[in-house]
Amino acid sequence: MFITFEGPEGAGKSTLIQSLAVLLRSRGLSVTTTREPGGSPVAEKIRALILDHPMSPWTELFLYEAARAEHLAQTILPALTRGDVVLCDRFTDSTLAYQGHARGLTFKSVHAVNRVATGGLKPDLTVLVDIDPALGLKHAQDKNRFEAEGVAFHRKVRQGFLKARALAPTRWITIRARSGTPDKMAETLLKKIEPWLKRVKAKALRKKVK
Ligand code: TYD
């Protein structure tokens with residue numbers, strides 16, 4: 001099962017992911033947590049390049065996709081093959097929201113390169129951790145060049161996420177950022193994703209029996 005977490009800056013995705021991972025492990029599931037851009041040695045190098053240097057929107061797009069192809073090959077696909085639940089901090093919907101919508105490269109172009117980079121792999125479930133971008137920016141911790149963009153840019157990013165969600169509503173679950181402690185929020189989230197997990201467990205059991 002492949003679950004991605006999306007949302008504006010400062011939504012607290014990474015702490016929520018860690019809390020959810022603890023909960024899932026306590027239920028006997030193997031969990032891999034990872035992030036984009038990054039999540040493998042080469043992809044982490046590309047991450048530093050993207051986040052530290054201004055560049056043209058197209059260069060930015062292709063570097064995100066290069067990092068993604070590497071991350072998939074080295075981390076995500078092997079974890080899914082092992083049967084892990086993969087929790088990934090940002091994925092293709094961030095590219096739609098940031099490069100497609102906020103930078104203006106269009107959803108159509110970004111969707112096409114997303115598909116090439118992922119070989120068509122889509123998340124089973126995407127959690128939108130939603131926050132007012134102005135509030136999120138106040139919480140954002142590691143100042144990179146995206147966080148230095150104005151609030152108008154980040155409002156566009158949020159609109160991009162809402163647009164992506166509208167295109168595939170059944171894949172998304174939305175929760176309000178900072179609506180409780182990370183542990184409480186992880187519990188609420190787990191209740192929402194339990195139906196999916198039951199299916200994954202049943203599938204794993206069937207495999208074992210075979
Ligand atoms: P990061 O510090 O990980 O941000 P956050 O903690 O908010 O997740 O930095 C990643 C930045 O890269 C973030 O500003 C979002 C941006 N990004 C894109 O623009 N396109 C993408 O495809 C991805 C994955 C991230």
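One-based numbering, in listed order, for ligands and for the atoms of each.
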Looking only at protein heavy atoms, which one is nearest to [atom], and what is the separation?
atom: atom 10 (C) of ligand 1; value: Pro37 CD, 3.8 Å
atom: atom 2 (O) of ligand 1; value: Asp142 OD2, 3.1 Å
atom: atom 7 (O) of ligand 1; value: Arg90 NH2, 2.9 Å
atom: atom 6 (O) of ligand 1; value: Lys13 NZ, 4.3 Å

Sub-4.5 Å side-chain heavy-atom contact between [X] and [Y]:
X: Leu24; Y: Leu190; result: yes
X: Asp93; Y: Thr126; result: yes
X: Phe5; Y: Leu20; result: yes
X: Trp58; Y: Gln99; result: no
X: Thr32; Y: Arg82; result: yes
X: Ile50; Y: Glu60; result: yes
X: Thr118; Y: Leu72; result: yes

Query raised in the report: Side chains of Arg90 and Tyr98: is there a donor and an acceptor less than 3.5 Å apart?
Result: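 There is such a pair (donor and acceptor under 3.5 Å, judged by atom type) between the side chains of Arg90 and Tyr98.
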Query - Close-contact set for ligand 1 against Thr95 heavy atoms, below 4.0 Å - result: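 This gives 21 (C), 22 (O) as the contact atoms.
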Query - Residue Leu51 vicinity, atoms of ligand 1 by number, heavy atom under 4.0 Å - result: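 Listed by number with element: 9 (O), 11 (C), 12 (O).
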Query raised in the report: Side chain or backbone of Asn144 under 4.0 Å from ligand 1, or both, or neither, by non-hydrogen atoms?
Result: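 The answer is the side chain of Asn144.
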Query raised in the report: If hydrogens are left out, which of Glu9, Glu149, Glu36, Arg47 has an atom nearest to atom 1 (P) of ligand 1, that is, the closest non-hydrogen atom?
Result: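 It is Arg47 whose heavy atom sits nearest to atom 1 (P) of ligand 1.
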Query raised in the report: Which option out of Phe146, Tyr64, Phe91 puts a heavy atom nearest to atom 17 (N) of ligand 1?
Result: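 Result: the heavy atom closest to atom 17 (N) of ligand 1 is in Tyr64.
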Query raised in the report: Does Arg68 reach ligand 1, in the sense of a heavy atom lying below 4.0 Å from it?
Result: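 Within the 4.0 Å threshold, so yes.
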Query - Heteroatom proximity flag, Gln99 to ligand 1, N/O under 3.5 Å - result: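 Yes, at least one N or O pair falls under 3.5 Å.
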